[in-house]
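Here the structure is laid out as structure tokens; the discussion comes afterwards.
Basis for what follows: all heavy atoms, side chains included, without hydrogens, waters or symmetry-related copies.
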Amino acid sequence: MGFPGVWMTESESMIYRVVPKCACSTIGQIMFYSDHGRFFDGDIHDSTDGMHKWAQDHSHDPIERAVRAHAGVTFTCVRNPYARILSSFFDKIAGIQRNGRRYRGNLVPQLIQRYGIDVGTAENGFDFDQIASFRRFLLFARDTVRFRKPMEPDIHWSAMSGHISTFIVNGGRYDQIFFTEAFNEGMDKVLAQAETPVPVDLTQVPRFNESEGHGPKRAHKVSDYFDDLSRHLIWEIYKDDFQLFKYDFDNPDNKMPLAEVDLNEVHAKLGR
């Protein structure tokens, strides 16, 4: 199976398991800069050289060799599950993508027809009932994750633990797992451990949010989107994420983790 979702600097200083909607654009740009002294011109997801990615066939051997030898700092980044799935909804369902189209072509029309989701249009200023539509989307997300219907779960709302586990199951081991909510602190620790060709000053790094500005902004506080049924669905989908990455299930408005990640626990539970 190899190491899907893994990016690695050409210098092999850092090996990163991407988790969608968890600062991956910013992390990828930092990795690119640490080798080349400049940021990639465009969305880092579109880069085809200057950094190894498992999605590129020519990167398979270098990544596999470096992971087996533990050549660089291996890490990933996680995010509060409540905030992450809200971000997925506003970006991938309610938003317009960089190509000017809806995400995955006919996905949104299917959701309108099957689940009664309304996401408005750019012409009407994305005027719709955000709370009602998000809760219907959440039913759809649960159906994809739990029953794999009406489609396979999408990477943007499938559980973080599922992404992170593939690296472990296939022979990798994480040195660090840090929180999006404490990004600079966590990324600083990675950079301090990595031997990068170019020094990186995080205070000078912009945030590369490639989904920003393509759709509606969240109009309510996080807890307003989650009634009792929604929280039940969230637990059904993300129970492992809350438990392994120490996020507060009881208070959706508390975005911060309650404790540090226990790497031994993560490897033990996800490496089965």
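Ring centers of W54 and F167: at least 6.0 Å apart, outside the cut-off. Two rings, from F3 and H60, have their centers 6.0 Å or more apart. Checked against the 6.0 Å centroid criterion, the rings of Y247 and F179 qualify as a close aromatic pair. Y225 and F137 have their aromatic ring centers separated by at least 6.0 angstrom. Two rings, from F249 and Y238, have their centers 6.0 Å or more apart. Between F75 and Y174, the distance separating the two ring centers is not shorter than 6.0 angstrom.
By the side-chain contact (heavy atoms from CB on, under 4.5 Å) test, P199 pairs with no residue at all, sequence neighbours left out. Looking at residues two or more places apart in sequence or on another chain, you find a side-chain contact (heavy atoms from CB on, under 4.5 Å) between Q243 and W235, K239, D240.
Taking 4.5 Å as the limit, some side-chain heavy atom of M51 sits within range of a side-chain heavy atom of I44. Residues R65 and E12 form a side-chain contact, since some pair of their non-hydrogen atoms from C-beta on lies under 4.5 Å apart. Looking at heavy atoms from C-beta onward, M31 lies in side-chain contact with Y16 at the 4.5 angstrom threshold.
In summary, D143 and R148 do not engage in a salt bridge, as defined by a charged side-chain N under 4.0 Å from a carboxylate O. Between E236 and R142 a salt bridge is recorded (basic side-chain N to carboxylate O distance below 4.0 Å).
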Inset, instruction - Dump the intermediate steps for side-chain contact (heavy atoms from CB on, under 4.5 Å) on H220 and Q130, then the final yes or no. - result: CA-CA 9 Å; H220 310 280; Q130 292 188 359; 4.0 Å; yes
Inset, instruction - Check step by step if side chain to side chain donor-acceptor pair (under 3.5 Å) holds for S59 and K53. - result: CA-CA 6 Å; S59 292; K53 297 178 178 178; over 6 Å; no
Legend entry - side chain to side chain donor-acceptor pair (under 3.5 Å) between H163 and S158, intermediate numbers included: CA-CA 8 Å; H163 291 288; S158 55; 3.1 Å; yes
Inset, instruction - Assess whether side-chain contact (heavy atoms from CB on, under 4.5 Å) is satisfied between V19 and I155, documenting all intermediate values. - result: CA-CA 8 Å; V19 179; I155 61 171; over 6 Å; no
Legend entry - Derivation of the side chain to side chain donor-acceptor pair (under 3.5 Å) call for T144 and W157: CA-CA 10 Å; T144 65; W157 56 78; 3.3 Å; yes
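With rounding to the nearest 0.5 Å, the separation of CE in M160 from OG in S165 is 12.5 Å. A distance of 11.5 Å separates CD1 of I177 from CZ of R17, quoted to the nearest 0.5 Å.
Under the 3.5 Å distance criterion, the side-chain polar atoms of R102 are matched with a main-chain donor or acceptor of A94. Checking side-chain atoms of E64 against main-chain N and O of G2 turns up no donor-acceptor pair under 3.5 Å.
Across every non-hydrogen atom of P252 and S223, the tightest pair is CB-CA, 4.0 Å. Pairing each heavy atom of D224 with each of R135, the nearest pair is O-NH2, 3.1 Å. When all heavy atoms of F39 and Q29 are compared, the closest pair comes out as CB-OE1, 3.4 Å.
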